[in-house]
J.: 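Below: one structure in structure tokens.
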Amino acid sequence: MLSKVYRPQEVEEKQYARWEEAGAFACGQTEGQPYTIVIPPPNVTGSLHMGHALNNTLQDVLIRFQRMRGRDALWQPGTDHAGIATQMVVERQLAEQGTDRRDMSRDAFIAKVWKWREESGGTIIDQLRRLGASCDWERERFTMDDGLSQAVLKVFVDLYKQNLIYRDKRLVNWDCKFQTAISDLEVEQRDVNGHLWHFKYPIDGEEGRFITVATTRPETMLGDTGVAVHPDDERYADLIGKYAVLPLVGRKIKIVADLHADPEQGSGAVKITPAHDFNDFEVGRRHDLEMVNIFDAHGNLNEMVPAAYQGMERFAAREKVVADLEAQGLVAEIEDHQHTVPYGDRSGVVIEPWLTDQWYVDAAELAKKPIEAVERGETRFVPQQWEKTFFEWMRNIQPWCISRQIWWGHQIPAWYAPDGKVFVEKTEEEARNAAKIHYGKDVPLERDPDVLDTWFSSALWPFSTLGWPEETPELKRYYQTDVLVTGFDIIFFWVARMMMMGMHFMEEAPFHTVYIHALVRDERGQKMSKSKGNVIDPLHLIDKFGADALRFTLSAMAAQGRDIKLSENRVEGYRNFATKLWNAARFCEMNVCLPSDDFEPGNCRETVNRWIVGETARASEKVTQALDAYKFNEAANAAYQFTWGTFCDWYLEFSKPLLTEGGELAREETRACAAWVLQQILKLLHPFMPFITEEIWERQAGPKNSMLMQQDWPGSSAIPIDSEADAEMAWVIELISDVRAVRSESNVPAGARIPMRLLNGNAETLRRLEANDEVIRRLARLDSVETEGGVPTGSVQIVIGEATLVLPLAGVIDLDAERARLRTQIDKHAGEIAKIDKKLANANFMAKAPEHVIEEQRDRRNDADATRAKLAEALERLSAAG
RNA sequence: GGGCGCGUAGCUCAGCGGGAGAGCACUACGUUGACAUCGUAGGGGUCGCUGGUUCAAUCCCAGCCGCGCCCACCA
């Protein structure tokens with residue numbers, strides 16, 4: 001016997017273990033068409049947050065759905081080594097122990113990271129299990145696995161040899177905290193309230209004359225090598241070609257004409273620091289200005305500045321520069337100024353444009369095929385609007401800086417000869433051989449110490465996890481994958497790059513669909529973040545309400561194109577839904593509703609059963625179509641509505657008389673039918689609520705070893721819709737609802753049984769009334785039902801179709817209130833009729849509206865008119881009576 | 001400066017050319033043998049504003065007003 005409430009804690013672990021023991025998550029168990037999703041690999045350092053919960057719930061819904069449909073489902077799991085993030089974590093641990101990675105060898109440090117991963121890297125995987133994720137765990141991969149590392153080496157070497165990877169010296173975004181280059185995407189622009197300092201630079205050889213420049217970064221003036229003015233700016237026309245003397249430094253710097261200088265901005269003259277500003281770099285290049293690098297890797301001033309500033313931290317230097325210039329009377333003005341400043345997204349420190357040698361991918365070239373693929377529709381985005389974002393970025397893409405000056409990651413397979421020549425090969429041995437051929441002798445080689453951007457290996461994920469570059473059967477069978485499910489925040493970081501690598505190396509897009517879901521925010525719409533303290537921990541919700549409730553909530557709220565504002569009481573509501581389902585199953589159990597192999601949904605005799613069978617088919621259809629269209633919310637809501645609103649609220653109530661008082665035939669049919677519908681419900685809900693549905697399935701029915709997750713998805717086409725049964729039950733429902741409403745409005749005690757009289761019913765109505773007598777009495781709480789007689793004084797009258805229901809409530813009802821109620825109803829219908837009449841009288845409408853719309857309007861008008869007439873009669877009788 | 005999205009019931013949101021919806025909250029009644037994590041009934045909305053297209057607009061188009069996000073080197 002099922003308990004009164006569902007207790008997730010007692011079920012989730014057990015059912016998950018059953019699935020795993022049965023190997024039910026493994027791919028390759030059927031000959032069906034493959035269906036593949038690769039998981040966005042969470043960082044090994046990570047723990048499950050709401051974004052993961054949403055992302056993985058949606059993937060699991062799709063995977064379980066398709067698996068039940070007979071597809072050979074592969075959900076490929078794994079984790080990402082997350083270069084900088086992971087190195088940070090381990091470095092922090094070292095710091096706590098009072099040591100530093102620089103105190104140990106690179107190998108020793110890397111060994112430490114691996115050890116850390118062994119010990120705590122599996123957290124998120126276990127948490128995904130708690131969520132119910134049906135990943136093929138046997139196939140779990142890690143971006144630093146041997147196989148995946150081989151893929152990385154091959155890709156790097158091949159792209160290098162195809163001139164799509166190259167080394168270049170240019171300005172990079174330098175992270176002074178981690179002392180590594182980072183890519184454009186890892187830089188976030190923040191609005192900052194700063195200042196605009198106006199400095200006066202003396203003109204060389206012209207005593208007392210100055211040119212004023214403005215800057216937000218005074219310290220960089222120590223690296224100025226020029227001043228630019230607009231060629232058409234008359235104020236400075238005579239200065240072009242002359243020199244200014246850089247204060248504090250004494251260097252003569254050229255005044256050049258460049259279109260970059262905007263006469264409208266500031267003074268119209270711009271200081272040029274080619275080594276520390278992306279714009280100035282270009283200006284400097286155009287005018288052949290010197291590049292003076294004034295910073296070291298920490299962002300401190302180096303030996304290229306006057307001794308007084310050497311070794312100073314950059315922001316301390318800023319203050320000193322301003323003070324020193326002020327002392328010399330060279331500060332013309334200091335304005336408050338709001339501007340954007342680049343910060344490292346992980347380090348949180350100001351990024352310094354810094355001139356270094358780095359490795360780059362020719363992204364513009366690699367972007368070509370992905371752009372075409374999306375244009376052709378070979379890969380489509382859902383919702384489609386994200387294509388624009390994708391195109392926008394891909395068409396303006398910049399070289400991708402892939403080298404990082406850290407230790408944790410894939411070390412770049414490049415070796416340098418003493419003369420600086422580089423040899424790129426998969427192994428040191430191959431590099432030596434290449435060098436030997438080149439030089440005609442053995443030369444010592446030194447390996448590039450840098451590692452690759454984490455996203456470089458993630459970009460290969462859809463094929464590297466399947467065994468590439470080996471031509472494995474899995475690669476052949478499961479690539480191209482089907483859908484990629486991810487958030488919009490990593491379209492550039494990840495989706496675009498998987499497209500580039502997939503198209504280049506596999507010559508086929510890595511997935512045919514990219515489903516982009518929203519962000520999960522807190523209930524006030526704020527982005528969840530640790531610093532704001534508004535993070536809702538999915539594990540907390542799972543503990544409190546169950547994984548199914550959380551999953552259902554996220555699915556039901558995952559409408560396309562809108563962020564999810566999650567609140568705990570929403571989850572509570574869906575926990576209640578789980579309880580409702582549980583109790584429906586409990587009802588079935590108590591009434592011995594067992595699935596029967598003999599039950600044929602199409603052959604029911606009882607009208608209620610014929611009706612619910614059709615409703616089930618409709619619900620299945622809705623859920624299936626919605627899931628096919630990635631409309632998770634519609635699918636979840638359709639299943640919810642059917643389960644609660646149709647099955648529990650009506651069908652189970654209708655079934656009660658048949659189960660307890662019906663003849664044996666009817667009872668057996670109803671038992672089997674209720675069991676069958678419940679099974680269909682369990683199937684429809686399983687992708688969303690795998691645990692509770694599997695638990696009920698196990699208890700209720702299935703033969704051993706037959707798990708719900710392995711059942712066939714409900715098909716709807718074979719199930720007949722019986723329109724006569726539909727009409728009859730719709731009539732019964734309307735009658736019961738109307739009587740209930742009147743009782744409630746008339747303050748009839750809920751427990752009181754009252755008589756009812758149905759007058760003027762036609763033969764079909766009388767038949768329906770008779771056939772559903774027991775149900776109507778029960779649910780409308782009636783004691784007697786008559787079909788003849790008059791309208792006693794003080795009766796309430798309800799119009800339903802051609803018939804009038806009479807509830808003799810003399811002494812109970814307030815006659816004035818009842819008259820008012822009837823008048824209101826009459827007015828409502830009259831208003832409706834007037835509106836439709838106006839339409840029907842409109843020649844344009846009649847001429848241009850489609851026939852079926854006109855027909856519909858006529859029908860509605862006639863129905864309303866008939867009802868109004870009946871109501872008017874009722875009002876007349878009431879008035880006559882009293 | 002470009003691009004995207006959002007303004008519908010008190011709250012959170014569906015719907016998106018022909019009858020305004022859900023969940024929660026609220027009100028009243030209710031221990032009717034599955035379920036009080038429940039049942040029954042009810043109140044509550046000029047669908048941001050202004051124009052346009054259309055026989056018909058919450059839905060399509062334009063403008064405006066409010067919000068949010070993404071991208072971009074503006075001193």
Side-chain angles (χ1 to χ4, degrees), chain A residues 2 4-6 171 184 189 196-198 213-217 228 260-262 265-273 277-282 337 339-340 342 353 383 385-386 388-389 391-393 396 488-489 491-492 519 523-525 527 545 549 556-557 559 561-567 569-570 572-591 631 633-634 637 640-641 645 648-649 652-653 656 660 737 740-745 747-751 753 778-779 781 832 835-836 839 842-850 852-854 856-857 860 864:
Chain A
L2 267 60
K4 267 196 167 186
V5 293
Y6 167 65
L171 283 186
D184 297 345
Q189 303 291 337
L196 194 58
W197 284 272
H198 296 253
V213 296
T215 181
T216 55
R217 303 196 51 203
H260 164 69
D262 179 355
Q265 290 257 359
S267 64
V270 198
K271 64 190 268 307
I272 301 297
T273 321
D277 182 282
F278 289 97
N279 273 317
D280 293 3
F281 182 80
E282 296 302 324
H337 183 66
H339 59 125
T340 59
Q385 70 197 61
W386 291 108
K388 285 191 184 174
T389 306
F391 285 138
E392 191 68 23
W393 190 68
N396 299 297
F488 59 80
D489 48 333
I491 290 179
F492 304 146
L519 238 51
E523 52 197 308
R524 287 174 310 173
K527 204 167 169 174
F545 301 113
M557 297 184 79
R562 194 160 188 149
D563 286 345
I564 295 177
K565 289 182 199 163
L566 189 73
S567 70
N569 81 29
R570 196 77 189 228
E572 186 181 359
Y574 288 117
R575 186 277 315 269
N576 296 352
F577 174 58
T579 308
K580 188 73 182 177
L581 174 66
W582 185 255
N583 278 287
R586 187 162 177 265
F587 173 87
C588 289
E589 185 185 42
M590 291 171 72
N591 287 282
K631 295 185 175 175
N633 59 319
E634 285 183 16
N637 286 326
Y640 178 100
Q641 175 53 39
C648 293
D649 286 351
L652 290 185
E653 294 303 330
K656 285 175 183 173
T660 55
S737 301
R740 281 171 169 174
V742 164
R743 293 175 55 113
S744 177
E745 282 165 27
N747 297 315
V748 176
R753 295 236 172 213
R778 247 182 208 250
L779 300 184
R781 301 203 64 74
E832 168 109 16
K835 219 167 105 184
I836 299 174
K839 255 188 206 177
N842 181 337
N844 277 328
F845 173 74
M846 297 305 283
K848 295 188 179 174
H852 77 270
V853 171
I854 297 176
E856 203 179 290
Q857 297 292 323
R860 271 178 53 205

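In what follows, every chain begins at residue 1, and chains take the letters A, B, ... in the order their sequences are listed.
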J.: Any base atoms under 4.0 Å from A/Ala269, or only sugar-phosphate, or nothing? Heavy atoms, all strands.
T.: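 The residue A/Ala269 makes no contact with any strand.
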J.: Rounded to the Å, how far apart are A/Phe492 CZ and B/rC69 C1'?
T.: 12 Å
J.: Would A/Thr216 and A/His337 count as a side-chain contact (heavy atoms from CB on, under 4.5 Å) if you check the C-alpha gap in whole Å, the side-chain angles of each, and the deciding distance to 0.1 Å?
T.: CA-CA 8 Å; A/Thr216 55; A/His337 183 66; 3.6 Å; yes
J.: Looking at every strand, decide which applies to A/His198 at a 4.0 Å heavy-atom threshold: base, sugar-phosphate, or nothing.
T.: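 The residue A/His198 makes no contact with any strand.
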J.: Can you name the residues that form a side chain to side chain contact (heavy atoms under 4.5 Å, CB included) with A/Arg740, not counting sequence neighbours?
T.: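 A/Arg740 satisfies side chain to side chain contact (heavy atoms under 4.5 Å, CB included) with A/Trp650, A/Ile736, A/Leu779 only.
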J.: Select base, sugar-phosphate, or nothing to describe what A/Arg586 touches, counting heavy atoms under 4.0 Å on all strands.
T.: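 Sugar-phosphate only.
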J.: Pull out every protein N or O sitting under 3.5 Å from an N or O of nucleotides 51-55 of chain B, one pair per line with the distance.
T.:
| unit_1 | atom_1 | unit_2 | atom_2 | d |
| --- | --- | --- | --- | --- |
| B/rC55 | OP1 | A/Lys848 | NZ | 2.3 |
| B/rC55 | O2' | A/Asn842 | ND2 | 3.1 |

J.: Give the stems involving RNA chain B, where a stem is 3 or more consecutive Watson-Crick or G-U wobble pairs (i with j, i+1 with j-1, and so on) under 3.5 Å.
T.: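 Result, WC/G-U stems under 3.5 Å: B:1-7 with B:65-71, B:10-13 with B:21-24, B:26-30 with B:38-42, B:48-52 with B:60-64.
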J.: Classify A/Cys648 by what it touches in the nucleic acid, base, sugar-phosphate, or nothing, heavy-atom distance under 4.0 Å.
T.: base
J.: Please identify each residue that fulfils side chain to side chain contact (heavy atoms under 4.5 Å, CB included) with A/Lys656, with sequence neighbours left out.
T.: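 Scan of A/Lys656 (side chain to side chain contact (heavy atoms under 4.5 Å, CB included), adjacent residues dropped) gives A/Phe587, A/Glu653, A/Arg778.
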J.: Tell me, with the steps shown, if A/Asn583 and A/Tyr6 meet side-chain contact (heavy atoms from CB on, under 4.5 Å).
T.: CA-CA 8 Å; A/Asn583 278 287; A/Tyr6 167 65; over 6 Å; no
J.: Take atom C1' in B/rC29 and the same atom in B/rU58, then report the distance between them in whole Å.
T.: 35 Å
J.: Find which nucleotide of RNA chain B each of A/Leu196 and A/Asp649 is nearest to by heavy atoms, and output the residue with the more 5' nucleotide.
T.: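 Closer to the 5' end of RNA chain B: A/Asp649.
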J.: Could you grab the distance from atom CH2 of A/Trp582 to atom CG of A/Leu2, nearest 0.5 Å is fine?
T.: 4.0 Å
J.: Write down the distance separating the C1' atoms in B/rA62 and B/rG21, rounded off to the nearest Å.
T.: 29 Å
J.: Can you check the A/Glu572 CD to B/rC38 C1' distance for me, whole Å?
T.: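 So the two atoms are 13 Å apart, to the nearest Å.
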J.: Between atom CG of A/Leu566 and atom CG of A/Leu519, what is the distance when rounded to the nearest 0.5 Å?
T.: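 With rounding to 0.5 Å, CG (A/Leu566) is 12.5 Å from CG (A/Leu519).
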J.: Name the closest nucleotide to the A/Glu392 side chain, picking from B/rG2, B/rU12, B/rC74.
T.: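 Nearest to the side-chain atoms of A/Glu392, counting from C-beta on, is B/rG2.
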J.: Is there any protein nitrogen or oxygen under 3.5 Å from a nitrogen or oxygen in nucleotides 26-32 of chain B, and what are the pairs?
T.:
none

J.: Please confirm whether the shortest side-chain N or O distance from A/Lys656 to OP1 or OP2 of B/rA34 is below 4.0 Å.
T.: yes
J.: Can you check whether any acceptor in the base of B/rU40 is under 3.5 Å from a donor in the side chain of A/Arg740, or vice versa?
T.: no
J.: Using the C1' atom as the point on both nucleotides, what is the distance between B/rC13 and B/rU27, in whole Å?
T.: 23 Å
J.: Starting at atom CD1 of A/Ile491, determine the distance to atom P of B/rG3, rounded to an integer number of angstrom.
T.: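 It is 18 Å, rounded to the nearest whole Å.
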J.: Can you name the residues that form a side chain to side chain contact (heavy atoms under 4.5 Å, CB included) with A/Asn569, not counting sequence neighbours?
T.: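 Residues passing side chain to side chain contact (heavy atoms under 4.5 Å, CB included) with A/Asn569: A/Ser567, A/Glu572.
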J.: Give a yes/no on whether any side-chain N or O of A/Lys388 is located under 4.0 angstrom from OP1 or OP2 of B/rC4.
T.: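 For B/rC4, OP1/OP2 do have a side-chain N/O of A/Lys388 under 4.0 Å.
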J.: Using the side-chain heavy atoms of A/Val5, tell me which of these nucleotides is nearest: B/rU37, B/rG42, B/rA34.
T.: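 The answer is B/rU37.
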J.: Say you pick atom C1' in B/rC47 and the same atom in B/rG19; how far apart are they, in whole Å?
T.: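 One C1' to the other, the span is 15 Å.
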J.: Can you work out whether A/Lys631 or A/Met557 has the more 5'-proximal nearest nucleotide on RNA chain B?
T.: A/Met557
J.: A/Asn396 side chain to A/Glu392 main-chain N or O, any donor-acceptor pair under 3.5 Å?
T.: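 Yes, A/Asn396 side chain to A/Glu392 backbone: donor-acceptor pair under 3.5 Å.
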J.: Can you tell me how far the NZ atom of A/Lys580 sits from the CZ atom of A/Arg575, to the nearest 0.5 Å?
T.: 14.0 Å
J.: In Å and rounded to the nearest 0.5 Å, what is the CZ to CD1 distance from A/Arg570 to A/Ile564?
T.: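 Interatomic distance, A/Arg570 CZ to A/Ile564 CD1, rounded to 0.5 Å: 10.0 Å.
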J.: Of the listed nucleotides (B/rA34, B/rC71, B/rU12), which one gets closest to any side-chain atom of A/Lys565?
T.: B/rU12
J.: If you measure from CD on A/Gln857 to NZ on A/Lys835, what distance do you get to the nearest 0.5 Å?
T.: 9.0 Å
J.: Starting at atom CG of A/Asp184, determine the distance to atom P of B/rC73, rounded to an integer number of angstrom.
T.: 7 Å
J.: Look for any protein N or O under 3.5 Å of an N or O in nucleotides 19-24 of chain B and output each such pair with its distance, or none.
T.:
| unit_1 | atom_1 | unit_2 | atom_2 | d |
| --- | --- | --- | --- | --- |
| B/rG19 | OP1 | A/Arg860 | NH1 | 3.1 |
| B/rG19 | N3 | A/Arg860 | NE | 3.4 |

J.: With rounding to the closest Å, how many angstrom separate the P atoms on B/rG3 and B/rG63?
T.: 12 Å
J.: Expressed as a whole number of Å, how far does the C1' atom of B/rG2 sit from that of B/rG44?
T.: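 43 Å, rounded to whole Å.
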J.: Do A/Ile491 and A/Trp386 pass the side-chain contact (heavy atoms from CB on, under 4.5 Å) test, and can you show the C-alpha distance, the side-chain angles, and the key distance before you say yes or no?
T.: CA-CA 9 Å; A/Ile491 290 179; A/Trp386 291 108; 3.7 Å; yes
J.: What interatomic distance, in whole Å, is found between P of B/rC74 and the corresponding atom of B/rG15?
T.: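 Between the two P atoms, the distance is 37 Å.
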J.: If I pick the P atom on B/rU37 and the same atom on B/rC16, what distance separates them, to the nearest angstrom?
T.: 36 Å
J.: Between B/rG17 atom P and A/Ile854 atom CD1, what is the distance in whole Å?
T.: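 Atom CD1 in A/Ile854 sits about 20 Å away from atom P in B/rG17.
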J.: Is any side-chain nitrogen or oxygen of A/Lys580 closer than 4.0 Å to OP1 or OP2 of B/rG39?
T.: yes
J.: Could you work out, with side chain to side chain contact (heavy atoms under 4.5 Å, CB included) as the rule, every residue matching A/Glu832, not counting sequence neighbours?
T.: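 Listed in chain order: A/Ile836, A/Arg860, A/Ala864.
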J.: Partners of A/His198 by side chain to side chain donor-acceptor pair (under 3.5 Å), sequence neighbours excluded?
T.: A/Glu335
J.: Reckon A/Thr216 touches a base, only the sugar-phosphate, or nothing at all at heavy-atom distances under 4.0 Å?
T.: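 Counting heavy atoms under 4.0 Å across all strands, the contact made by A/Thr216 is with sugar-phosphate only.
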J.: Suppose we screen for ring pair (Phe, Tyr, Trp, His ring centres under 6.0 Å). Which residues come up paired with A/Tyr574, at least two apart in sequence or across chains?
T.: A/Phe552, A/Tyr640
J.: Using atom NE2 of A/His260 as one end and atom P of B/rC74 as the other, report the distance to the nearest whole Å.
T.: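 So the two atoms are 10 Å apart, to the nearest Å.
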J.: For A/Phe492, enumerate each residue passing the ring pair (Phe, Tyr, Trp, His ring centres under 6.0 Å) test, keeping only those at least two apart in sequence or located in another chain.
T.: A/Trp393
J.: Rounded to the Å, how far apart are A/Arg217 CZ and B/rC74 P?
T.: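 Atom-to-atom, A/Arg217 to B/rC74, this comes out as 14 Å.
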J.: With sequence neighbours excluded, what pairs up with A/Asp184 under the side chain to side chain donor-acceptor pair (under 3.5 Å) test?
T.: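 In terms of side chain to side chain donor-acceptor pair (under 3.5 Å), with neighbours along the sequence ignored, A/Asp184 is linked to A/Asn173.
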